[in-house]
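What follows is one structure encoded as structure tokens, with my remarks underneath.
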Amino acid sequence: MKTKEAKLKVDRFRQFLTEQQKSKSTIKTYIRGVTLFFLFIEGKGIDSLSDRALLDFKEHIINSFSSASSNTYIVGFNAFLTHIKHSGMRLKCIKRQSKDYVAFPLTEGEYVRLMKTAGTLGGDYCALFKTLAGTGIRVGELKFITVEALRNGYAEVNNKGKVRILWLSDSLRQFLLDYCAEKNITSGVVFTGRDGISPLSTSAIWRKLNGLSAETGIEKRKLHPHNLRHFYASKFMRIVNDIDVLCGLLGHSDIKTTTIYTHPDGDYIRRCVNKMVA
């Protein structure tokens, strides 16, 4: 199949992904992989979906992006090839060494400093970070933390068609109910954007958290929303030590994903390595 013909199918591929209820981020990544391929072969003056063109493209993205990003683009591009029923080869993802630890975890002391600083900046910061660290919820799932969920004691989280029950601790639940009463939030999503209706965006949360590095003395690379999810999970394993329950709370489809929280963290590994004398 010539590339001109294939490019006409990109919009249909996008529509197909939408109908398959893929997330917006997945659709964006998959289309990005396809777009990168066409930009690459146009730059090389190639008009073909030949095996040689595909292998050259793989080498190009490996040299241009991290292994993680390269693999997501490969997966997206392969999905496109399957969608258009291309009879040629599929690209193999790059083999990566398994990272069965959290590279830069947030320590208990750092979390205390973060919350102390957040408290001086107003209730919004404090409530937001306390919720992320107290539930292990993904940033994109915060929209399910509603006033109704607080009253019920649990949130029904619907992620990619999979629904799970996220139980809220009594202390967090009461803290957030008090926060809502103070802010006159009587129904709906607790954490919203400037319009008071739309859920708070991921980028806004990232900026709020990452911007506190100077005030807290915590490295920026540790101040991102997903690290609060790691903090919750690691603390849960230390105190409760029930990986099956944690797997359900985090919404992992495979318990192997949850086992990352049973391994040493990156800081501990680095301390061990630094004890070695050459």
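These numbers come from a predicted model, not from an experiment. Index from 1, following the sequence.
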task = Give a yes or no on this: more than 12 heavy atoms of other residues, nucleotides or ligands lie within 6.0 Å of atom CD of E19.
result = yes
query = Within a strict 4.5 Å, meaning less than it, do heavy atoms of the F38 and I41 side chains meet?
reply = yes
query = Between K183 and D124, does at least one N-O distance fall below 4.0 Å, as a salt bridge requires?
reply = yes
Distance under 6.0 Å and angle within 45° of ring axis: K9 vs F80 = no
query = Are any non-hydrogen side-chain atoms of F57 and L91 less than 4.5 angstrom apart?
reply = yes
request  = First locate atom OG1 of T146, then atom CD of E156, and finally report the distance between them rounded to the nearest 0.5 Å.
outcome  = 9.5 Å
inquiry  = Would a single hydrophobic cluster contain both L176 and I165, if residues Ile, Leu, Val, Met, Phe, Trp and Tyr are joined by side-chain heavy-atom contacts under 4.5 Å?
reply    = no
task = Taking the side chain as every heavy atom from C-beta outward, state whether I137 and I145 have any pair of such atoms under 4.5 Å apart.
result = yes
query = Any idea which heavy atoms bring F40 and A53 closest together, and the distance?
reply = CE2-O, 4.2 Å
ask   = Shortest non-hydrogen contact from I74 to C93?
value = CG2-SG, 4.1 Å
request  = Flag the pair N210 / H224 as yes when at least one side-chain heavy-atom distance between them is below 4.5 Å, and no otherwise.
outcome  = no
request  = Salt-bridge test for E141 and R164: reply yes if a basic N is under 4.0 Å from a carboxylate O, no otherwise.
outcome  = yes
Value rounded to 0.5 Å, distance of CG in L228 from CG in L209 = 5.5 Å
query = Roughly how far, to the nearest 0.5 Å, is the NE2 atom of H230 from the CG atom of L250?
reply = 10.0 Å
message = Side chains of T29 and T26 only: does a donor on one sit below 3.5 Å from an acceptor on the other?
response = no
Rounded distance [0.5 Å steps], CD1 in I205 versus CZ in F129 = 9.0 Å
ask   = Just how far is it from atom CE of M89 to atom CG of L54, taken to the nearest 0.5 Å?
value = 6.5 Å
request  = Look at R238 together with E108 and state whether they make a salt bridge at an N to O cut-off of under 4.0 Å.
outcome  = yes
task = Assess whether atom CG of N63 is packed by more than 12 heavy atoms of other residues, nucleotides or ligands within 6.0 Å.
result = yes
message = Minimum heavy-atom separation for F144 and A155, please, with both atom names.
response = O-CB, 3.5 Å
message = Taking CZ in R194 as the centre, count heavy atoms belonging to other residues, nucleotides or ligands within less than 6.0 Å. Is the count above 12?
response = no
task = Drop me the distance from N227's CG to E219's CD, to the nearest 0.5 angstrom.
result = 10.5 Å
ask   = Can you find a heavy atom in the side chain of Y232 that is under 4.5 Å from one in the side chain of Y111?
value = no
task = Taking the side chain as every heavy atom from C-beta outward, state whether P225 and W206 have any pair of such atoms under 4.5 Å apart.
result = yes
ask   = Is it the case that D178 and Q174 place a side-chain donor and acceptor less than 3.5 Å from each other?
value = yes
ask   = Does a sphere of radius 6.0 Å around CZ in R90 hold more than 12 heavy atoms from other residues, nucleotides or ligands, not counting ones at 6.0 Å or beyond?
value = yes
request  = Taking the side chain as every heavy atom from C-beta outward, state whether F236 and V245 have any atom pair closer than 4.5 Å.
outcome  = yes
inquiry  = Contact between L150 and C180 at the side-chain level, heavy atoms closer than 4.5 Å - yes or no?
reply    = yes
request  = Could you go through the side chain to side chain contact (heavy atoms under 4.5 Å, CB included) check for R138 and V157 one step at a time?
outcome  = CA-CA 10 Å; R138 299 179 180 92; V157 179; 6.0 Å; no
